[in-house]
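Because the structure is a prediction, the values reported are computed rather than measured. To find a chain, count down the sequence lines: A is the first, B the second, and so on, and within it residues start at 1.
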Amino acid sequence: MDKAYNPASEAQIYDIWLTSGAFTPKVPENPQESRLKKEPFTIILPPPNANNPLHAGHALFTVEDILVRFHRMLGDPTLWLPGTDHAGIETQFVFEKYLQKQGKSRFDYDRQTLFKMIFDYVNENRDVAKNQMKRLGFSLDWTREKFTMDPDHITRVYAVFHRMVSQGLVYRDEKIVNYCTFCGTAFSNLEVEHKSVASHLWYFKYPIVGEKDKYITVATTRPETMLGDTAVAVNSKDPRYKNLSGKKLLLPLVNKEIPIIFEDSIDPKFGTGAVKVTPSHSPEDYDMAKKFNLEFVRIFDYDGKSNKNVPEKYRGFYPNQVRQMVIDDLTSAGLMEKIVDYSHEVGHCYKCGRPIEPITAPQWFVKIKPLADKAVDVVKNDEILIFPKRFKKSYLTWMKDVRDWPISRQIVWGHQIPAWYNLDETPNINITFINSQNETITGLWSDLIKNNSYQEIKSGLQSLIAPVGSKFYLSETDAQKKSQNVLQETDTFDTWFSSGQWPYSTLGWDPNGHHSPDFEYFYPTTVLDTMWDILFFWVARMIMFGLYTTGQIPFKVAHMHSRVTDSKGQKMSKSKGNVIDPLTMSDQYGADALRMALVIGVAPGSDISLSEDKIRAQRNFVNKIWNASRFVEMLIDRLNPQKISLEIDKSKLSDVDNDILDKLNKITISTTKHLDHYHFGQASEDLYQFFWKEFCDIYIESAKDRGEETIPVLLTVLITSLKLLHPFIPFVTETVYQDLISKYNLPKELLISSSWPL
RNA sequence: GAGUCUAUAGCUCAGUUGGUUAGAGCGCUUCGUUGACAUCGAAGAGGUCAGAGGUCCGAGUCCUCUUAGACUCACCA
């Protein structure tokens, strides 16, 4: 054996495990019956972005590997299923930046071409993450590897979509959505970041029609939207406005009469108690407009600029430009009463950081209440356990009043929504395409078809917007019954609509009930482990989808791990320059050292502060194991016994022997208990102390002065320690174990497949 | 606006259901080690467990409040 442990050999060990078949569980003949007798242990890996290399957070999948290796050694049929995610918006934006460097943009390509370009781009990078996971020692079953862009996954997602449409759980509607005009797509509430913005409250006057020099003063944070006002709302109990019933106001600058409505949700104490109502650009106003049947006037378009619904001089400007113009014009008209400082929360795009424009747009929605109710029950009654416990509470409060989920995104990278429109049936569909002269053309189908062929439009298609109420079909052939002129919806599903179906889809759930043996055997899965930041995005959606589609929970335990921070407890980010790359670290110190550093002494649910110092310390520990083993072998060589035995003769034991065996027994019990309770930090810390202090510093030291009666104890403690440590630091333990086996003619087996010492 | 979490040695953090002199790693001081490991060993310095009050025979641990920080959710003009 070399003087020091060399992590370069780790790759060979991984290959040995891989070819041994240890990662691939066998599915018995009768999966359902077998499952009743002995339940498998299953984890579906949260699929990393197929396009990106791993970061320190991914290295934390170590906790899954620990669980999987532990249960495999306990003798449970164990499956850890790998996969990668196409990560819709994330990846498309990365690709757009790449295009930008080449002086191009997404608008230069038709939809099909752009999709293919991104697909190729992702395929080039897909193996990177996969190889990195192998490098970290993750005992994933690669024979079952999946990708969210696999045709069979898409088929299943489409089937579930069909079912939801037919049951009225998916609908189209034009309501207020969070729209980022820069990114060009709608977002769900979860994708909006609220930031406090120091702004103003503008007070200005709306003249009352037919009453000279009488006004109502409104207070607003968004003066620019007044161009789209269609009412002013006041509280019916507000004495100031009581006598105004039936009166109209003259909307300044636009010179249009708008009604006064009486809505009791208006707080008389805020501002002037009178609120301007802009149904197309404010969620609250939208609700009021629906209630009072008000007119909708959308003044900002998808490109972020003001449109033809405003007086000519204000057209074609961004909101902040319109704001200044409106303020100036109201002031010079003598209608501006006052401006006061005011700070409030404004939604910003989580991708590009720009302000979100609430805008009415036709989108696809999931009716969430029926799904959420069941998903609440299974967590409330602990059918699904959420660890650490505090996340149960945040899950339940979020679920309680979750709103309908907009699932359509105006991007091409993802699963194109499987809905087709017959254009002759719905001629008012708005289409954007690139024609044969490479010009981008936008217009209604009924107009475009006069000068362009269907084929040209179809092949150059970029996007379409079908008005709410447009008839759609769930297959292309159905749509073609009336005529051949059909187009598929150009929106794609929110990534989470796809990944929310990951657990049952990867295992081979079948929409027609012909499920695969894998599904019958491994579903519901046992543990889902992920970082808490996607509890709502992903975990909640998986629970809803799982219950809806399979009628069963997707997993029994949702284990939330924490963020990896730097040595000062700060979030890692490229701009701060404090990023620790897991692959650089494992090349330098070994994957074992990195893995140990990520779990040792970490309390469940608390942030994990990682530093090179910490990894180095664990490298020393790994080397300690190596050298202790080497020294045990040297001791045995020196004693040169006739026969190597692991049999312990209790009558010959001294106090030191009894002491170490007693402690070994205790550490075995406590490690098992801690792993059962997901206390990885405590388990690894205790093992560290036991091995280094109790075994090396005390027992091995004492063995230096003794005879061959120590051999069975030395080997027993060493081998048992290797087993207990194996889930945490698989490479060095397996390497040493194989060395002991060949040296002392022990029964051949791999540590990964050996039995847990209980 | 609602909620969650954190505060323990110079630094980063453990401390399971409250139970004797509060622990680890790194750092620091002194010493040792020519035949496992300088990626080592031994010894040591260093903490009124954020503050105040309370429950208890007993509180780092449970309760209340205060202070300071982090985070999550949220359609209020």
Side-chain angles (χ1 to χ4, degrees), chain A residues 1-5 175-176 178 189-190 192-194 201-203 218-222 225 232-233 263 265-267 270-278 282-288 342 344-345 347 356 358 388-398 400-403 532-533 535-536 562-563 565-571 589-590 593 596-597 600-635 638 670 673-674 677 679 681-686 688-689 692-693 696-697 700-701 704:
Chain A
M1 285 175 89
D2 293 337
K3 264 191 96 169
Y5 174 66
K175 49 182 176 182
I176 293 267
N178 306 301
N189 281 352
L190 282 173
V192 175
E193 284 177 356
H194 292 84
L201 209 47
W202 285 270
Y203 289 72
V218 298
T220 181
T221 55
R222 294 204 62 189
T225 61
V232 165
E263 164 59 42
S265 65
I266 304 297
D267 178 5
F270 187 91
T272 61
V275 181
K276 58 188 273 313
V277 181
T278 319
S282 154
E284 312 83 58
D285 297 2
Y286 175 89
D287 291 343
M288 275 191 259
Y342 185 68
H344 65 135
E345 300 284 318
I356 285 287
K389 261 197 333 218
R390 64 187 148 94
F391 289 112
K392 175 176 175 177
K393 192 171 177 184
S394 50
Y395 172 92
L396 290 174
T397 35
W398 185 75
K400 214 178 82 193
D401 33 36
V402 58
R403 314 184 109 210
W532 49 255
D533 63 342
L535 177 63
F536 306 137
S562 283
R563 196 199 303 278
T565 62
D566 72 0
S567 60
K568 288 171 191 146
Q570 287 186 316
K571 193 176 171 178
Y589 301 106
M596 196 70 176
I600 194 162
V602 173
S606 66
D607 282 356
I608 295 156
S609 131
L610 184 67
S611 63
E612 201 164 335
D613 270 352
K614 198 169 175 186
I615 300 169
R616 200 178 293 122
Q618 295 313 314
R619 186 272 316 267
N620 295 355
F621 177 59
V622 168
N623 192 57
K624 188 73 185 178
I625 293 169
W626 176 264
N627 270 297
S629 311
R630 191 159 70 99
F631 187 61
V632 166
E633 290 186 9
M634 287 171 73
L635 274 179
R638 196 165 58 191
S670 75
K673 198 179 106 194
H674 284 138
H677 292 90
H679 292 162
Q682 197 62 50
S684 48
E685 174 122 39
D686 291 351
Y688 180 102
Q689 295 302 329
W692 201 314
K693 304 293 171 201
C696 295
D697 292 349
I700 293 184
E701 283 304 317
K704 285 179 178 176

Just call it for [X]: base, sugar-phosphate, or nothing, with non-hydrogen atoms closer than 4.0 Å on any strand.
{"X": "A:His344", "value": "sugar-phosphate"}
{"X": "A:Thr221", "value": "sugar-phosphate"}
{"X": "A:Asp533", "value": "nothing"}
{"X": "A:Tyr203", "value": "nothing"}
{"X": "A:Leu201", "value": "nothing"}
{"X": "A:Phe536", "value": "sugar-phosphate"}

**Request:** Answer yes if the side chains of A:Lys614 and A:Ser609 hold a donor-acceptor pair under 3.5 Å, and no otherwise.
**Result:**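 No pair is found: no donor N or O on one side chain lies under 3.5 Å from an acceptor on the other.
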**Side-chain donor-acceptor contact under 3.5 Å, A:Tyr688 with A:Gln618** = no
Would you mind reading off the distance between [X] atom [atom1] and [N] atom [atom2], rounded to a whole angstrom?
{"X": "A:Trp692", "N": "B:C40", "atom1": "CH2", "atom2": "C1'", "answer": "8 Å"}
{"X": "A:Ile625", "N": "B:C40", "atom1": "CD1", "atom2": "P", "answer": "13 Å"}
{"X": "A:Ile615", "N": "B:U39", "atom1": "CD1", "atom2": "P", "answer": "18 Å"}
{"X": "A:Phe621", "N": "B:G41", "atom1": "CZ", "atom2": "P", "answer": "12 Å"}
{"X": "A:Tyr395", "N": "B:C71", "atom1": "OH", "atom2": "C1'", "answer": "21 Å"}
{"X": "A:Leu535", "N": "B:G3", "atom1": "CG", "atom2": "C1'", "answer": "14 Å"}
{"X": "A:Arg616", "N": "B:A38", "atom1": "CZ", "atom2": "P", "answer": "16 Å"}
{"X": "A:Lys400", "N": "B:A2", "atom1": "NZ", "atom2": "C1'", "answer": "10 Å"}

**Fill in**
Contact string for nucleotides 13-31 of chain B, one letter per nucleotide 5' to 3', B = base within protein heavy-atom range under 4.0 Å, S = sugar-phosphate only, - = neither, reads SSSB-------SSS-----
Taking the side chain as everything from C-beta on, heavy atoms only, tell me whether [X] gets closer than 4.5 Å to [Y].
{"X": "A:Asp613", "Y": "A:Ser567", "answer": "no"}
{"X": "A:His674", "Y": "A:Asp686", "answer": "yes"}
{"X": "A:Arg638", "Y": "A:Met634", "answer": "no"}
{"X": "A:Arg630", "Y": "A:Lys3", "answer": "yes"}

**Complete:** For A:Asp287, the side-chain contact (heavy atoms from CB on, under 4.5 Å) test, sequence neighbours excluded, returns A:Arg403
Under the 3.5 angstrom rule, does the side chain of [X] hit a backbone N or O of [Y] as a donor-acceptor pair?
{"X": "A:Asp2", "Y": "A:Ala4", "answer": "no"}
{"X": "A:Arg390", "Y": "A:Gly605", "answer": "yes"}
{"X": "A:Ser562", "Y": "A:Ser606", "answer": "yes"}
{"X": "A:Thr221", "Y": "A:Leu201", "answer": "no"}

**Of A:Pro283 and A:Gly605, the one whose closest RNA chain B nucleotide lies more 5'** = A:Gly605
**Message:** By nearest heavy atom, map A:Leu610 and A:Ile266 onto RNA chain B; which one lands nearer the 5' end?
**Reply:**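 The 5'-side residue here is A:Leu610.
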**Prompt:** Which heavy atom of A:Lys704 sits nearest a heavy atom of A:Leu635, and at what distance?
**Reply:** CA-CD2, 4.4 Å
**Fill in**
Looking only at heavy atoms, the pair that brings A:Tyr203 and A:Ala219 closest together is CE2-CB, 3.8 Å
[N] and [M]: how far apart are their [atom1] atoms, nearest whole angstrom?
{"N": "B:A9", "M": "B:U29", "atom1": "C1'", "result": "15 Å"}
{"N": "B:C63", "M": "B:U72", "atom1": "C1'", "result": "25 Å"}
{"N": "B:A22", "M": "B:A59", "atom1": "P", "result": "14 Å"}
{"N": "B:G23", "M": "B:U16", "atom1": "C1'", "result": "15 Å"}
{"N": "B:U21", "M": "B:C40", "atom1": "C1'", "result": "29 Å"}
{"N": "B:A70", "M": "B:C13", "atom1": "P", "result": "14 Å"}
{"N": "B:C11", "M": "B:C28", "atom1": "C1'", "result": "12 Å"}
{"N": "B:A38", "M": "B:A50", "atom1": "P", "result": "40 Å"}

**Asked** For the residue pair A:Trp626 and A:Tyr5, does the interplanar ring angle fall in the parallel (under 30°), tilted (30 to 60°) or perpendicular (over 60°) class?
**Response** tilted
**Asked** Angle class for the A:Phe536/A:Trp398 ring planes (parallel below 30°, perpendicular above 60°, tilted otherwise)?
**Response** parallel
Provide a list of protein-nucleic acid N or O atom pairs under 3.5 angstrom, restricted to nucleotides 35-37 of chain B.
| unit_1 | atom_1 | unit_2 | atom_2 | d |
| --- | --- | --- | --- | --- |
| B:A36 | O2' | A:Asn627 | OD1 | 2.7 |
| B:A36 | O2' | A:Arg630 | NH2 | 2.4 |
| B:A36 | N6 | A:Glu701 | OE2 | 2.9 |
| B:A36 | N3 | A:Asn627 | O | 3.1 |
| B:C37 | OP1 | A:Lys3 | NZ | 3.3 |
| B:C37 | O4' | A:Asn627 | OD1 | 3.2 |
| B:C37 | O4' | A:Asn627 | ND2 | 3.4 |
| B:C37 | O2' | A:Asn623 | ND2 | 3.3 |
| B:C37 | O2 | A:Lys624 | NZ | 2.9 |
| B:C37 | N3 | A:Lys624 | NZ | 3.0 |

Just the atom pairs and distances: protein N or O near nucleotides 59-63 of chain B's N or O, under 3.5 Å.
none

**Prompt:** Stem ranges for RNA chain B, with three or more consecutive Watson-Crick or G-U pairs under 3.5 Å?
**Reply:** B:1-7 with B:67-73, B:10-13 with B:23-26, B:28-32 with B:40-44, B:50-54 with B:62-66
**ring-ring contact (aromatic ring centres under 6.0 Å, His included) partners for A:Tyr286, two or more places apart** = A:Phe296
